[in-house]
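Working notes, beginning with the structure itself.
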Amino acid sequence: MKKVKPSFYKQDALIVGPSLLGKILVRKLDNGKIFRYRITETEVYRGEEDKACHARFGITNRTMPLYAEGGLIYVYLCYGIHYLFNIVTGEKGKPQAVLIRGIENHNGPGKLTKALNIDLNLNKENLNTSKEIWLEEDGYQPFYKTTSRIGIDYATEPYKSIEWRFVLIDKDS
DNA sequence: AAAGTGATCATG
DNA sequence: ATGATCACTTTG
């Protein structure tokens, strides 16, 4: 089991998105408790031209982390209730990120953050240096399918129906 | 099917 | 200062 290298996050979101499937999300709490869950579902949000991406209105206080170099975490509050967890990817200045939509035993982007105690404290945290959260890989080769993204009715074509959602297919089922 | 909930961003 | 808008979940 080894930690994911910094160079992994600097790749384009469309590469990182599917590659994230099967990787292990490790979360260490203040009380020393450690969670390890395999990622099962991701979505890519890429560029100001992507009308579903938060960066579509340009750089603001909220969207600033999206413009950073890959490896940062972008957390934000959705619908006033749920924290959603994203991994920033690509080069500095290119706004893009991968939303983690599901992990083993916790499907749904709002549920997994609740389960892992992820909130705004982890916004802008660096996955390469953080002692609280990071990713590991064990050589798992994912099978997956692609679909359009969820909950973005406000977007316009072609981004509304582009297949940037990646779902792990369990070989045992 | 719809409510619940609050940060964020654009108005004034 | 106020109002609209959401990368969702739960309930009935």
Side-chain angles (χ1 to χ4, degrees), chain A residues 8-9 11-25 27 35 37-91 93-127 130 133-135 142 144-169:
Chain A
F8 175 78
Y9 305 109
Q11 303 174 91
D12 193 278
L14 288 174
I15 299 188
V16 177
S19 306
L20 235 28
L21 296 172
K23 296 244 183 319
I24 317 236
L25 178 62
R27 169 72 169 128
F35 296 109
Y37 289 114
R38 211 178 277 283
I39 295 171
T40 58
E41 189 178 337
T42 63
E43 265 178 24
V44 169
Y45 290 86
R46 180 172 176 274
E48 294 178 350
E49 68 275 16
D50 175 2
K51 297 306 179 209
C53 182
H54 280 178
R56 66 190 179 282
F57 297 130
I59 187 162
T60 66
N61 272 338
R62 181 222 219 179
T63 61
M64 207 148 48
L66 290 173
Y67 290 79
E69 187 171 70
L72 279 206
I73 294 173
Y74 172 48
V75 181
Y76 78 97
L77 183 63
C78 177
Y79 298 120
I81 303 179
H82 309 285
Y83 292 105
L84 300 208
F85 174 61
N86 303 250
I87 295 177
V88 177
T89 65
E91 304 165 29
K94 301 275 185 187
Q96 45 175 246
V98 178
L99 168 68
I100 307 301
R101 285 191 68 82
I103 57 178
E104 291 170 321
N105 304 333
H106 298 283
N107 291 326
K111 289 209 250 181
L112 74 90
T113 53
K114 193 173 172 190
L116 295 184
N117 228 283
I118 291 172
D119 59 22
L120 287 178
N121 290 320
L122 288 182
N123 194 23
K124 303 183 197 173
E125 189 81 2
N126 190 322
L127 285 169
S130 177
I133 189 164
W134 64 91
L135 257 50
Y144 63 88
K145 64 176 180 181
T146 63
T147 78
S148 56
R149 293 172 290 178
I150 304 293
I152 54 159
D153 286 345
Y154 59 88
T156 54
E157 298 294 354
Y159 297 100
K160 187 171 171 177
S161 43
I162 198 166
E163 302 208 335
W164 280 358
R165 174 167 171 247
F166 304 95
V167 185
L168 192 68
I169 296 170

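Just so we're on the same page: letters track the sequence lines, and every chain starts at 1.
Across the interface with DNA chain B, nearest-nucleotide mapping of A/Asn61 and A/His82 shows A/His82 to be the residue nearer the 5′ end.
Ring to ring, A/Tyr83 and A/Phe85 are not that close: their centroids are 6.0 angstrom or more apart. Aromatic ring centres of A/His54 and A/Tyr45: separated by at least 6.0 Å.
Distance, A/Met64 CE to B/dA7 C1': 15 Å, rounded to whole Å. Atom pair A/Arg165:CZ and C/dC8:P shows a separation of 10 Å (rounding to whole Å applied). One atom, CG of A/Asn123, and another, P of B/dT8, lie 9 Å apart when rounded to the nearest Å. In this entry the distance linking CZ of A/Arg62 with P of C/dT5 reads 15 Å, nearest Å. In this structure, CD1 of A/Ile81 is placed 16 Å from C1' of B/dT8, rounded to the nearest angstrom. The OH-C1' distance, from A/Tyr83 to C/dC6, rounds to 15 Å in whole Å. In this structure, the NZ atom of A/Lys51 is 18 Å from the P atom of C/dT5, given to the nearest Å.
With no hydrogens or angles considered, no side-chain donor-acceptor pair links A/Gln96 and A/Tyr67 at under 3.5 Å. A/Glu163 and A/Ser148 share no donor-acceptor pair across their side chains, judged by distance under 3.5 Å alone.
Of the possible donor and acceptor atoms, one in the side chain of A/Arg38 sits under 3.5 Å from a partner among the backbone N and O of A/Gly22. With A/Arg165 contributing its side chain and A/Thr42 its backbone, the two residues share no donor-acceptor pair below 3.5 Å.
Distance from the side chain of A/Leu77 is smallest for B/dG6 among the nucleotides C/dC8, B/dG4, B/dG6.
DNA chain B forms stems at B:1-4 with C:8-11, B:6-11 with C:1-6, each a run of 3 or more consecutive Watson-Crick or G-U wobble pairs whose two key distances fall under 3.5 Å.
Between the CD1 atom in A/Ile87 and the CD1 atom in A/Ile100 there is a gap of 4.0 Å [rounded to 0.5 Å].
At a non-hydrogen distance threshold of 4.0 Å, A/Gly108, A/Pro109, A/Gly110, A/Lys111 from residues 102-117 of chain A come into contact with DNA chain C.
Here A/Arg101 does not reach the OP1 or OP2 of C/dT9: none of its side-chain N or O atoms lies under 4.0 Å away.
A heavy-atom distance below 4.5 Å is not found between the side chains of A/Asp12 and A/Thr89.
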(Q) Could you walk me through whether A/Lys23 and A/Tyr37 satisfy the side-chain contact (heavy atoms from CB on, under 4.5 Å) test, starting with their C-alpha distance in whole Å, then the side-chain angles of each, then the deciding distance to 0.1 Å, before giving a yes or no? (A) CA-CA 8 Å; A/Lys23 296 244 183 319; A/Tyr37 289 114; over 6 Å; no
